[in-house]
Amino acid sequence: MARQKGLMKYVRTIGDVRHFKIKGQKGFFAGMVGGPTAEQIKTAPEFERTRENMNEFGGCARAGKSVRTALSSLMSKMADSKVTGRLTSVMKKINLEDGTEARGYRKVEISTQRTYLLGFEFNKGISLSTVFNAPYDVEHTAGRDSADFIVAPFNPVDLIASPIGATHFRLVNALAVVSDFVYNATTGTYDPDDIVNNELNIVEYSAYIPLNTDYAGGTLTATLPGTPILGANVTVIQCIGIEFFQEVNGTYYTLNSGNSLRIEDAF
């Protein structure tokens, strides 16, 4: 692949050479125009496997998007720029486990493969365990509509790696309901098996906790709104996290560094 180093910066095609940017990389790149046409990919027998892969990839992307949508209020401050691709990759691993449907139409059956989600860090560069080392536990009700984040007493100075300028922190307990996704032959897309409860969510925050004082411990409870009836075809994802603040004259300002969110349980 060619790479431009001079002053000329342009994109698209000149003759048989196309020019483009690559996200996350500096400079402009160039490559020869070529490859199959869109019509060939859609209809040619030799691209049947490609169509199958594209179809399932679309379903995995939709499943991952449901997770991000349910937790949308946290994504801007807790997730990295590649979280979409990383979540889709997890969903693809789940998709490959389905042995009931034909290739190209396999389900994204999260409910039977929940362990793939455990430990997922929304910001790969800041794992929860690198900033929050206090003793804690999580529990959920039998009906799966409520879950606790239980933190024992601890000294933040010893067990929290806070960013420069932080004076306080808040703990986060979030629940997100994500349905299994199945192929819909009528629409030609993957749809949630439980459209009513898919993306149902709740996010709960602790009070602002000072970093320079012993924390007495507490339980942060998150309960899904309404009285949802959750079937076997949905998964409740429990995410726990921490976000940092700087207090100035009674006002708490969110810091852009150090914040972290992880999938702690899936049930």
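We find the CD1-OG distance between Ile126 and Ser257 to be 7.0 Å, quoted to the nearest 0.5 Å. Atom-to-atom distance recorded for Asn256:CG and Glu243:CD is 11.0 Å, nearest 0.5 angstrom. Of the inter-residue distances, the one linking Glu204 atom CD with Leu220 atom CG reads 6.5 Å to the nearest 0.5 angstrom. Summarising the geometry, atom CG belonging to Asn259 is positioned 10.0 Å from atom CG belonging to Leu261; distances are rounded to the nearest 0.5 Å. To the nearest 0.5 Å, the span separating CG on Leu117 from CZ on Arg262 amounts to 14.0 Å. If you take OG1 on Thr115 and NZ on Lys93, they are separated by 10.5 Å, rounding to the nearest 0.5 Å.
Grouping the Ile, Leu, Val, Met, Phe, Trp and Tyr side chains by contacts below 4.5 angstrom, directly or via other members, places Leu171 with Tyr136. Leu255 and Val172 are not part of a single hydrophobic cluster, where members link through side-chain heavy atoms under 4.5 Å apart. There is a path of hydrophobic side-chain contacts, each under 4.5 Å, that joins Ile94 to Val67. Tracing side-chain contacts under 4.5 Å through hydrophobic residues (I, L, V, M, F, W, Y), one never reaches Leu71 starting from Phe149; they form parts of separate clusters. Cluster annotation: Met75 is connected to Val178 through the hydrophobic network of ILVMFWY side chains, with a link wherever side-chain heavy atoms come within less than 4.5 Å.
Just one residue in the list Ile160, Val157, Thr167 forms a side-chain contact (heavy atoms from CB on, under 4.5 Å) with Leu211, and that residue is Ile160. Tyr190 pairs in a side-chain contact (heavy atoms from CB on, under 4.5 Å) with only one of the listed residues (Val182, Asp180, Asn55), which is Asn55.
Side chain of Asp98 to main chain of Leu96: no donor-acceptor pair is present (N/O by atom type, distance under 3.5 Å, no hydrogens or angles). Using modelled atom types, one side-chain atom of Gln246 and one backbone atom of Gly165 make a donor-acceptor pair closer than 3.5 Å. A distance-only check finds no donor-acceptor pair linking the side chain of Thr69 to the backbone of Ser66 [under 3.5 Å]. No donor-acceptor pair closer than 3.5 Å links the side chain of Thr219 to the backbone N or O of Ile150. At least one donor-acceptor pair closer than 3.5 Å links the side chain of Arg144 to the backbone N or O of Gly231. With hydrogens and angles ignored, the 3.5 Å screen pairs a side-chain donor or acceptor of Glu56 with a backbone N or O of Gly104. The main-chain N or O of Lys107 is found under 3.5 Å from a side-chain atom of Asn95 such that the two form a donor-acceptor pair. Looking only at distances, no side-chain donor or acceptor of Asp191 sits under 3.5 Å from a matching main-chain atom of Asn184. Listed for the Glu109 side chain is no donor-acceptor partner under 3.5 Å among the backbone atoms of Thr112. With hydrogens and angles disregarded, a donor-acceptor distance shorter than 3.5 Å links the side chain of Ser179 to the backbone of Asp193.
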Please evaluate residues Lys82 and Lys124 with respect to the criterion side chain to side chain contact (heavy atoms under 4.5 Å, CB included), reporting the C-alpha separation (whole Å), side-chain torsions for both, the decisive distance (0.1 Å), and the verdict. CA-CA 9 Å; Lys82 296 183 179 180; Lys124 192 174 182 180; over 6 Å; no

Checking side chain to side chain contact (heavy atoms under 4.5 Å, CB included) for the pair Leu74/Val203: CA distance, chi angles, key distance, verdict? CA-CA 9 Å; Leu74 299 172; Val203 179; 4.1 Å; yes

For Tyr252 and His168, run ring-ring contact (aromatic ring centres under 6.0 Å, His included): C-alpha distance rounded to whole Å, both residues' side-chain angles, the deciding distance at 0.1 Å, then the answer. CA-CA 8 Å; Tyr252 296 91; His168 292 72; 5.0 Å; yes

Before giving the answer on side chain to side chain contact (heavy atoms under 4.5 Å, CB included), spell out for Asp148 and Val138 the whole-Å C-alpha distance, their side-chain angles and the decisive distance to 0.1 Å. CA-CA 5 Å; Asp148 293 334; Val138 293; over 6 Å; no

Report the C-alpha distance between Gln238 and Asn173 in whole Å, list the side-chain angles of each, state the deciding distance to 0.1 Å, and finish with yes or no for side chain to side chain contact (heavy atoms under 4.5 Å, CB included). CA-CA 7 Å; Gln238 182 181 10; Asn173 187 18; 3.1 Å; yes

Take Thr141 and Asp145 through the test side-chain hydrogen bond (donor to acceptor under 3.5 Å, both in side chains) and record every step on the way to the result. CA-CA 7 Å; Thr141 59; Asp145 60 340; 2.9 Å; yes

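The closest side-chain donor-acceptor pair between Tyr116 and Glu97 falls under 3.5 angstrom.
Counting all heavy atoms, side chain and backbone alike, Cys239 lies closest to Ile263 at SG-CG1, 3.8 Å. Nearest approach of Arg68 to Leu87, heavy atoms of both residues: CG-CD1, 3.5 Å. When every heavy atom of Pro153 is checked against every heavy atom of Ala216, the shortest pair comes out as CG-O, 3.3 Å. For the residue pair Ser260 and Ser127, the shortest heavy atom distance occurs at OG-C, 3.4 Å. Among all heavy-atom pairs drawn from Cys60 and Lys92, the shortest one is SG-CA, 3.5 Å. Scanning all heavy atoms of the two residues, the minimum distance from Phe244 to Ser162 falls at CE2-CB, 3.6 Å.
Within the 4.5 Å cutoff, side-chain heavy atoms of Arg62 are placed close to those of Thr189.
Salt bridge status for Asp80 with Arg86: present, with a side-chain N to carboxylate O gap under 4.0 Å.
Hydrophobic cluster membership of Leu224, counting Ile, Leu, Val, Met, Phe, Trp and Tyr whose side-chain heavy atoms lie under 4.5 Å apart directly or via other members: Leu175, Val177, Leu200, Ile202, Leu230, Val234, Val236, Phe267.
Ring pair Phe120/Phe122 is perpendicular by interplanar angle, where above 60° counts as perpendicular and below 30° as parallel.
Atom CZ of Phe154 is surrounded by more than 12 heavy atoms from other residues, nucleotides or ligands within 6.0 Å. Residue-environment remark: NZ (Lys65) stays at or below the threshold of 12 foreign heavy atoms within 6.0 Å. Asp158 CG: more than 12 foreign heavy atoms inside a 6.0 Å radius. Dense packing is recorded around CG of Leu159, with more than 12 heavy atoms of other residues, nucleotides or ligands lying under 6.0 Å away.
For the pair Arg170 and Tyr205, the cation-pi criterion (under 6.0 Å, within 45° of the ring axis) is fulfilled.
Taking the centre of each ring, Phe245 and Tyr208 come in below the 6.0 Å mark.
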